[in-house]
Protein chains: 2
Amino acid sequence: MVRATITDVAKRAGVGVATVSRVLNDSGYASEKTRKKVMEAVEYCDYEPNLIAKSLAQKSTSLIGVVISDILNPFYAKLIHAIQATCDEHKYSIILCNTDESKEKEREYLGLLSSNRVNAIILAGGRGIGESYNNHLLEAARKTPIILVNESVNAEGIFCVCCDKEKGAFQMTEYLIGLGHRNIVHVAGYPNFKPTQERLAGFLSAMHKHGLPVGTDNVIYSDYHISGGYATACDILSRDVLPTAIFASNDLMAIGVMNALQENGIVIPDKMTVVGSDNILFSEFTTPSLTTIDHDVALLGEHSVRMAIALINGEIPHRHEMIDTKIIIRKSSGKAKVTA
Amino acid sequence: MVRATITDVAKRAGVGVATVSRVLNDSGYASEKTRKKVMEAVEYCDYEPNLIAKSLAQKSTSLIGVVISDILNPFYAKLIHAIQATCDEHKYSIILCNTDESKEKEREYLGLLSSNRVNAIILAGGRGIGESYNNHLLEAARKTPIILVNESVNAEGIFCVCCDKEKGAFQMTEYLIGLGHRNIVHVAGYPNFKPTQERLAGFLSAMHKHGLPVGTDNVIYSDYHISGGYATACDILSRDVLPTAIFASNDLMAIGVMNALQENGIVIPDKMTVVGSDNILFSEFTTPSLTTIDHDVALLGEHSVRMAIALINGEIPHRHEMIDTKIIIRKSSGKAKVTA
DNA sequence: TTGTACGCGTTATCAG
DNA sequence: CTGATAACGCGTACAA
């Protein structure tokens, strides 16, 4: 349990600590002979460099903080996976924080990560960032570069990488309209959430473009969870006039919607079309398989890390990066049933 | 971007650094007057303690390393969630490493975490730990306490917290037998993986107890992924004599199995019963909903962290902790169809 | 109750 | 090419 220090190694090798450091980091010169002596001593002492001390000396930790709203959502799990993998390639480690969608925890974690001197922070699923002004976010950004995933804030030190959710929702809506659907309900997520608003915007603009009426019944806000989708579908089912298609703002809610529908004997897609967004792993394995919008999460994670590292290296990347989306057509969507 | 140090705060407050430290950490005395002066200076300087320097001085990082085999598996996502939440309660942060089931990466991460001087390491889904002797694991454990989740190794510095998977599998098998099933296929996971072996043991012992024959056809090894379950089910379907029930070693494979079955027109559970293990979120929302074994992952994560912290605090917990499991009966299981 | 000075393990500068 | 030595920012005896 007692660990060797660089001094121990230096003594054992009969050299100075600077030499050991140089050899280990391949910085500066070192004769082949001393190099060998040092490596032997390292081996002998079972020496492992203390990254904490290194961080202190170099004022850089090789740590990136990742703040996520809900790791239980496969979308974010996949994002974390991509972030971690890309960080690993670049010799960064991640400190993971999960806020459970709590704004307060988000705030705490930002401070904690700052105290831990992470070199950058990647924040995904931040609640209510878009419209409402988040003082703590801006403040944190003055000390640590922040990369927002799927959000966008126009401020110093805050950078964003997003999927083109508006376009994706627009395409999806046009696809539904192309299938003959005219009464489509969009199950939106949290109101003050950028992705919610973007997808809603895409939905509305497609509806308008095709001259379809959009009333208050056509948009319902929910919470991005299965249970929320379920409850919303139940509400919809109590209506006199049912829509022929439901477009949920994420797959989790779509799954909840399908569940409620099926429990009420509504066959998908024969009687009702259901589509989602995110293309989580399980959307392929629901019954019927779910038509959805794919976001290339791997790319999303990769780019956010690239941006973080660029910032760390003092480069100034574009403040806003956009990733394309595409529609995945499966079996939960079909032609609108001809109403009597 | 320039951060204040404790010295800056001390100067501003007109006190010594020790006083600032004492005030901020509530250690030692400090008059109300100086306390106030210090707090004002902290505010004025926008001071955030440097945890890196603190770690170096105290030889403790408040960091726990988490090594996971597959964060994309909802079981592990849930585990991470629990681990992170519990760590947070105890003022620990986590460095997350995902091995993608690579033994080599696991090895690398162990070293990296050790260099980062994490106070403990929680390892879940470690590949092939049980039987084959893992030198690097034992070596790492001599420097950093290691907690194995769902694995068990009897060695100095290695502690384990497991679910009683054997019992769970035993109960599940008895449940199936109780439904009249006699020809049951167990789709196992990776052969050299403790959970695989435990569930297999439970399966076998229940079959034996009830005098049911178990041939080579009754156990098939796969890979814990949806695709693996799918492929395995396809294999099974090509047989002359089909089983009446399939018990997959995790829910992911069970989902793959159900998918393959349904694609071939086999109605679940009328023609075939399918059950899994893990009770991941989605097992409730498959069609039909999946009968499975619940593991109380939250408790699993919580206990692993508690054990880690106990070890950090120099306590010596039991080397092995066990968490109970229970069967969740849903709609994918039913009475064995009466064969002609 | 408060301040000084040292140690934590590295890196980096600067003579040699 | 190599070796002292001064930072890095904090906690903490120890002294006052």
Side-chain angles (χ1 to χ4, degrees), chain A residues 1-39 41-42 45-63 91 112 114-119 143-144, chain B residues 1-39 41-42 45-63 91 112 114-119 143-144:
Chain A
M1 209 47 184
V2 55
R3 306 177 97 115
T5 72
I6 199 171
T7 312
D8 299 326
V9 175
K11 272 187 194 142
R12 171 82 192 174
V15 301
V17 290
T19 302
V20 176
S21 176
R22 274 191 294 259
V23 169
L24 257 34
N25 298 298
D26 257 331
S27 60
Y29 305 94
S31 75
E32 201 48 49
K33 195 187 283 178
T34 49
R35 185 179 302 272
K36 200 174 164 190
K37 273 195 300 183
V38 168
M39 293 316 287
V42 165
C45 298
D46 195 15
Y47 170 72
E48 280 180 340
N50 184 328
L51 260 34
I52 297 298
K54 178 172 181 169
S55 294
L56 183 62
Q58 294 194 147
K59 293 169 157 295
S60 168
T61 53
S62 293
L63 246 31
K91 306 293 176 202
L112 182 65
S114 178
S115 272
N116 267 305
R117 299 298 189 265
V118 297
N119 291 158
K143 301 188 176 168
T144 312
Chain B
M1 215 39 191
V2 54
R3 307 177 94 117
T5 71
I6 199 172
T7 313
D8 299 326
V9 176
K11 272 188 195 144
R12 170 83 194 174
V15 302
V17 292
T19 304
V20 176
S21 175
R22 277 190 290 260
V23 170
L24 258 32
N25 298 300
D26 258 330
S27 62
Y29 305 95
S31 75
E32 201 47 51
K33 195 188 284 179
T34 49
R35 186 180 299 274
K36 200 174 164 192
K37 273 196 300 182
V38 168
M39 292 317 285
V42 165
C45 297
D46 195 15
Y47 171 70
E48 281 180 339
N50 185 329
L51 260 36
I52 298 298
K54 177 173 181 167
S55 295
L56 183 61
Q58 297 195 147
K59 291 169 160 293
S60 168
T61 53
S62 293
L63 247 28
K91 306 294 175 200
L112 182 64
S114 177
S115 272
N116 267 305
R117 298 298 189 266
V118 297
N119 291 158
K143 303 190 175 168
T144 312

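Letters A, B, ... are given to chains in the order of the sequence lines, protein chains preceding strands, and every chain is numbered from 1.
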[X] [atom1] to [N] [atom2], straight-line distance once rounded to whole Å:
X	N	atom1	atom2	result
B:I6	D:dC8	CD1	P	15 Å
B:L56	D:dC10	CG	P	12 Å
A:R117	D:dG9	CZ	P	8 Å

Worksheet entry | Positional range of nucleotides in DNA chain C within the contact set of chain B, heavy-atom, under 4.0 Å | C:dT1 to C:dG9
To the nearest 0.5 angstrom, please state how far the [atom1] atom of [X] sits from the [atom2] atom of [Y].
X	Y	atom1	atom2	result
A:I52	B:N116	CD1	CG	6.0 Å
B:L51	B:L56	CG	CG	12.0 Å
B:K36	B:S31	NZ	OG	11.5 Å
B:S55	B:R117	OG	CZ	11.5 Å

Set of side-chain hydrogen bond (donor to acceptor under 3.5 Å, both in side chains) partners for [X], sequence neighbours left out:
X	answer
B:S114	A:R3, A:E48
B:S60	B:N119
B:T7	none
A:R35	A:D26

Item to complete: Side-chain contact test, heavy atoms from C-beta onward, threshold under 4.5 Å: evaluate it for A:D46 versus B:K143 and give yes or no.
Response: yes
Fill in: Flag side-chain contact, heavy atom, 4.5 Å: A:T5 against A:N50
no
Worksheet item: Quantified as the angle between the terminal helix axes (five pairs each), what is the overall bend of the helix from C:dT1-D:dA16 to C:dG16-D:dC1 to 10 degrees?
Response: 40°
Worksheet item: Restricting to pairs with a member in residues 7-16 of chain A, which pass salt bridge (charged side-chain N to carboxylate O under 4.0 Å, His left out), not counting sequence neighbours?
Response: none
Fill in: Test side-chain contact (heavy atoms from CB on, under 4.5 Å) applied to B:A57 - qualifying residues, sequence neighbours left out
none
Kindly give the atom pairs (protein nitrogen or oxygen, nucleotide nitrogen or oxygen) under 3.5 Å for nucleotides 2-4 of chain D.
residue, atom, partner, partner atom, Å
D:dT2, OP1, A:S31, OG, 3.0
D:dT2, OP1, A:T34, OG1, 3.0
D:dT2, OP2, A:S31, N, 2.8
D:dT2, OP2, A:T34, OG1, 3.0
D:dG3, OP2, A:G16, N, 3.0
D:dG3, OP2, A:T19, OG1, 2.6
D:dG3, N7, A:R22, NH2, 2.9
D:dG3, O6, A:R22, NH1, 3.0

List the atom pairs, donor and acceptor, that lie under 3.5 Å between side-chain atoms in residues 13-24 of chain A and the rest of the protein, sequence neighbours left out.
residue, atom, partner, partner atom, Å
A:T19, OG1, A:R22, NH2, 3.4
A:S21, OG, A:N25, ND2, 3.3

Discussion item. What's B:T5 touching, base or sugar-phosphate or nothing? Going by heavy atoms closer than 4.0 Å.
Written reply: sugar-phosphate
Fill in: Interface residues of residues 45-53 of chain A with DNA chain D (non-hydrogen, below 4.0 angstrom)
none
